[in-house]
**Student:** 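This structure is in structure tokens; I'll ask about it shortly.
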Amino acid sequence: MKLHCPPTFFSLVLRALRKYPERTAFRQGELAVLYQDVIDFMGKAQAVLSSHGMRRGARVALLTENRYETWCASVAAQGLGAATSWLHPLSSLDSQVSQIRDVGATVLIIDTDGFKARAHELAAALPDVSVFHVGEAGPGADLLTLVAEHEQVQPIERAIATDIGTLNFTGGTTGRQKAIVREAGQVALMAIAMNSELELPDGVQYLAIALISHVTGQLIAPTLMRGGTVHLIKKFDAGQVLEIIQRERISATLMVPTMIYKLLDAPLEEFDLGSLELVVYAGSVISPDRLRQAIQRIGPVFSQVYAQTECTPIAILRRSDHDLDDPSSLAACGYPMATAEIAILDDSNQPVAAGEIGEICVRSPSVMQSYLEQPEATQQALAGEWLHTGDIGFADPRGRLSIVDRKKDMIVSGGSNVYPREVEDVLAAHGAVASVAVVGVPHATWGEAVAAFVVLRDGAEVEAADLIAYVRERKGPLIAPKQVIFADALPTTPFGKIDKKKLRAPYWERETRLI
């Protein structure tokens with residue numbers, strides 16, 4: 001029944017665009033794109049895609065850098081009742097081919113300015129998929145030329161709220177990647193929740209730094225709903241980001257913690273950052289010590305969104321919730337969103353006692369429908385009618401959530417549980433440490449031993465033994481690393497999370513079991 005359905009994501013975006021037709025929706029380099037321009041583009045794109053056979057229920061894959069045309073094309077496709085699936089830009093050819101086949105995509109929209117060689121490889125590997133390129137000449141049809149040549153036509157809505165809207169993949173930090181099934185109405189509710197609780201200023205000037213195919217893109221619709229402008233850049237460079245904030249008077253942005261660390265290593269004082277009202281951090285846990293530095297040097301503008309691909313958003317730690325006199329606030333992940341119900345459950349799906357550690361579980365309209373064609377994984381993730389996040393944490397008496405660690409990252413050493421984040425937070429507070437990741441490695445006596453991978457700050461020197469002693473003095477011998485490995489950089493996933501699978505792999509490849 002349509003009576004109680006939410007709007008679709010397409011209708012939500014179109015409504016926002018029609019409200020502010022003369023405002024600038026996107027800035028991309030020297031290009032300024034008005035809200036009305038976006039409406040016109042989406043209408044023409046729908047006509048082009050329809051003329052090439054796109055119908056309700058189709059599935060569309062996209063591979064792109066940050067550019068407005070591909071985002072608009074994805075929304076236009078959803079308006080036709082298609083489901084969109086963003087590919088990981090840094091994934092291998094085989095992985096991208098598998099993702100396209102897994103979701104059953106019959107259309108591929110690809111940014112040939114950024115992925116020309118890959119476009120030809122994908123077209124050759126997938127001859128039954130219709131390819132549209134955006135950018136310089138490439139395989140398939142030229143979407144931008146077709147749109148430019150098409151007569152003016154109004155966007156149309158063929159989707160309903162219960163159609164599949166998106167089929168996006170998990171970040172891939174643990175196990176096999178899975179496609180998340182989310183309905184068109186759920187995608188809209190995610191944007192509504194973000195707009196409602198994220199404290200975005202009206203007329204926000206939003207700088208989209210990380211990939212818009214991930215959490216960064218989830219603030220585009222809320223920005224448009226507030227009559228703001230989305231400033232798109234294609235890669236993170238600390239100096240460039242600071243220059244853009246100053247020049248464009250950016251008022252809000254979103255960063256993963258590794259980006260914030262790099263900003264802190266840049267000459268912040270040389271730039272005017274007074275326009276910044278909100279810096280959202282998301283994607284992975286942040287070092288409380290580095291967060292404190294960021295607040296002290298940039299200002300009380302930081303807000304955390306706790307979310308997963310399986311459910312976005314879950315909790316928020318607003319700017320005023322960060323208290324430099326309360327260290328526990330800097331280690332928290334936030335209070336539940338109004339749209340989310342939270343429980344801390346044990347391994348038997350029963351609530352733990354107040355304040356005790358367990359798995360953070362969620363009920364929300366934003367929880368995924370399923371993992372596509374993976375019923376066993378779906379049943380496990382949604383056991384007991386809760387989404388099991390895989391995050392181990394606790395809630396304080398006020399309901400504020402804190403994450404101890406990922407369930408799968410926990411190290412069992414000599415029969416005792418060691419949470420890597422506890423070690424990481426201690427090491428990150430050392431003056432010589434720029435970033436750190438802790439994993440468990442095989443040990444003949446203890447089963448697993450704590451190993452810390454450390455990147456030092458520029459010009460800093462410290463011995464491994466000193467860092468081990470630093471942790472031991474503060475937390476005791478149980479969690480102190482057995483070894484410290486210095487690295488020039490830590491490997492990351494396409495979305496900026498530290499890739500602990502890659503750190504573990506060389507140590508476990510000769511083991512018969514990964515435990």
**Student:** Does some side-chain heavy atom of Thr64 sit less than 4.5 Å from a side-chain heavy atom of Ile110?
**Tutor:** no

**Student:** If only atom types and distance count, is the side chain of Glu424 paired as donor or acceptor with the main-chain N or O of Val438 below 3.5 Å?
**Tutor:** yes

**Student:** Which heavy atom of Phe169 sits nearest to which heavy atom of Ser85, and what is that distance?
**Tutor:** CE1-OG, 3.7 Å

**Student:** Would Tyr507 and Val439 count as a side-chain contact (heavy atoms from CB on, under 4.5 Å) here? Give the steps.
**Tutor:** CA-CA 10 Å; Tyr507 296 87; Val439 301; 5.8 Å; no

**Student:** Short question: side chain of Ser303, backbone of Leu317 - any donor-acceptor pair under 3.5 Å?
**Tutor:** yes

**Student:** Please check: side-chain N/O of Gln304 versus main-chain N/O of Ala332, any donor-acceptor pairing under 3.5 Å?
**Tutor:** yes

**Student:** Using only atom types and a distance under 3.5 Å, with no angle test, would you say the side chain of Glu310 pairs donor to acceptor with the backbone of Met368?
**Tutor:** no

**Student:** Does the side chain of Trp86 come within less than 4.5 Å of His214's, by heavy atoms?
**Tutor:** no

**Student:** Does Glu65 pair with Lys235 as a salt bridge, N-O distance under 4.0 Å?
**Tutor:** no

**Student:** I need the minimum non-hydrogen distance between Arg292 and Pro327, along with the two atoms involved.
**Tutor:** NH2-CG, 4.3 Å

**Student:** For residues Thr339 and Glu197, report the shortest heavy-atom separation together with the two atoms involved.
**Tutor:** N-OE2, 4.4 Å

**Student:** Side chains of Gln96 and Ser91: closer than 4.5 Å at any heavy-atom pair?
**Tutor:** yes

**Student:** Keeping Thr170 on the side-chain end and Lys178 on the backbone end, is there a donor-acceptor pair under 3.5 Å?
**Tutor:** yes

**Student:** For Ser366, does its backbone N or O pair with a side-chain atom of Arg182 as donor and acceptor, under 3.5 Å?
**Tutor:** yes

**Student:** Of all heavy-atom pairs between Ile357 and Val352, which one has the smallest distance, and what is that distance?
**Tutor:** O-CG1, 3.9 Å

**Student:** Between Ala381 and Tyr371, what is the shortest heavy-atom contact and its length?
**Tutor:** CB-CE1, 3.7 Å

**Student:** Can you list the steps and then say if Arg290 with Ile260 is a side-chain contact (heavy atoms from CB on, under 4.5 Å)?
**Tutor:** CA-CA 8 Å; Arg290 298 290 261 170; Ile260 295 174; over 6 Å; no

**Student:** Hydrogens and angles aside, do His231 and Gln205 bring a side-chain donor and acceptor to less than 3.5 Å of each other?
**Tutor:** yes

**Student:** Whether the side chain of Arg474 engages the backbone of Val426 through a donor-acceptor N/O pair (distance < 3.5 Å, no angle test) should be reported.
**Tutor:** no

**Student:** Taking ring pair (Phe, Tyr, Trp, His ring centres under 6.0 Å) as the test, write out the residues that go with Tyr470, two or more places apart.
**Tutor:** His430

**Student:** Look at the side chain of Arg363 and the backbone N and O of Glu385, then say whether any donor-acceptor pair between them is shorter than 3.5 Å.
**Tutor:** yes

**Student:** Is it true that Arg400 and Asp321 make a salt bridge, defined as a side-chain N closer than 4.0 Å to a carboxylate O?
**Tutor:** no

**Student:** Among residues at least two apart in sequence or on other chains, which ones pass ring pair (Phe, Tyr, Trp, His ring centres under 6.0 Å) with Tyr206?
**Tutor:** none

**Student:** For the backbone of Leu207 and the side chain of Thr253, can you confirm whether one donor and one acceptor N or O come within less than 3.5 Å of each other?
**Tutor:** yes

**Student:** Is the shortest heavy-atom distance from the side chain of Leu278 to the side chain of Leu200 under 4.5 Å?
**Tutor:** yes

**Student:** Provide the closest heavy-atom pair for Val204 versus Ala252 in the form atom of the first, atom of the second, distance.
**Tutor:** CG2-CB, 3.5 Å

